[in-house]
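Both backbone and side-chain heavy atoms feed into the values below; hydrogens, waters and symmetry mates do not.
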Amino acid sequence: MTAADHPSPALLAWEIYPEAGEQGCFVFAADRPAAVAAGATELGIAPEAVESVLRMPEFDAFAPGPIPLAALLEQGCEYECPVCGCRIAQGARDGHGRVLSPVEAGDQVYCSATHAAQARHD
């Protein structure tokens, strides 16, 4: 048997949290130990500080990443605009009742292209 007979394990999506209520992250890894290590590295914590590791099969198709913002919102992820503080979620609306058009810029999510541009200039 050759290595070709044993394909590498597929990358699977995992959601990693350091503590309840803290900011988590999504990583792609072949198994739980690798996901803990990758998540700890991304969060800047020791692997022992990882409190929650959840498999997220709905995101496996996006390996090796990144997961598109629309897919994250569709699955119930929520963000806060760093410019105005409004909640960004699937179907969220602004103060005038208009559905938000969130924009991803780097590691931030903004409620609008206007706020993303404003943040770039600040």
Check: Under a single-linkage definition using a 4.5 Å side-chain heavy-atom cutoff for Ile, Leu, Val, Met, Phe, Trp and Tyr, are Leu43 and Val109 assigned to the same hydrophobic cluster?
Finding: no

Margin query: As an exercise, state the distance from CZ of Arg55 to CD of Glu15, rounded to the nearest 0.5 Å.
Written below: 12.0 Å

Note to self: Return the CD to CG distance between Gln90 and Leu73, rounded to the nearest 0.5 Å.
What the structure shows: 6.0 Å

Margin query: Grouping I, L, V, M, F, W and Y whenever their side-chain heavy atoms are under 4.5 Å apart, do Leu11 and Ile16 come out in a common cluster?
Written below: no

Check: If only atom types and distance count, is the side chain of Trp14 paired as donor or acceptor with the main-chain N or O of Ala29 below 3.5 Å?
Finding: yes

Item checked: Heavy-atom check, side chain of Cys77 versus side chain of Ile67, under 4.5 Å -> no

Next item on the list: Sequence neighbours left out, what pairs pass ring pair (Phe, Tyr, Trp, His ring centres under 6.0 Å) with at least one residue falling in residues 59-91?
Entry: Phe26-Phe59

Item checked: hydrophobic_cluster_shared for Leu72 and Val27, side chain cutoff 4.5 Å -> no

Notebook entry, point to check: Within the side chain of Asp60, is there an N or O that forms a donor-acceptor pair under 3.5 Å with the backbone of Ala13?
Noted result: yes

Next item on the list: Indicate yes or no: does Glu80 engage Arg87 in a salt bridge with an N to O separation below 4.0 Å.
Entry: no

Check: How would you list all residue pairs meeting ring pair (Phe, Tyr, Trp, His ring centres under 6.0 Å) that involve residues 81-122, not counting sequence neighbours?
Finding: none

Note to self: Measuring only between side-chain heavy atoms, which start at C-beta, is Leu54 closer than 4.5 Å to Ser52?
What the structure shows: yes

Check: CD/Glu22 to CD/Glu51 distance, rounded to the nearest 0.5 angstrom?
Finding: 9.0 Å

Checklist line | Hydrophobic cluster identity match, Val50 and Phe28, side-chain contacts under 4.5 Å | finding: no

Next item on the list: Could you pull out the closest heavy-atom pair between Pro18 and Gly24, with the gap in Å?
Entry: CD-CA, 4.3 Å

Notebook entry, point to check: Just wondering, do Leu100 and Ser112 contact through their side chains at under 4.5 Å, heavy atoms?
Noted result: no

Check: Are any of the side-chain heavy atoms of Cys84 and Cys111 separated by less than 4.5 Å?
Finding: yes

Note to self: Is there a path of hydrophobic side-chain contacts, each under 4.5 Å between heavy atoms, that joins Val103 and Ile88?
What the structure shows: no

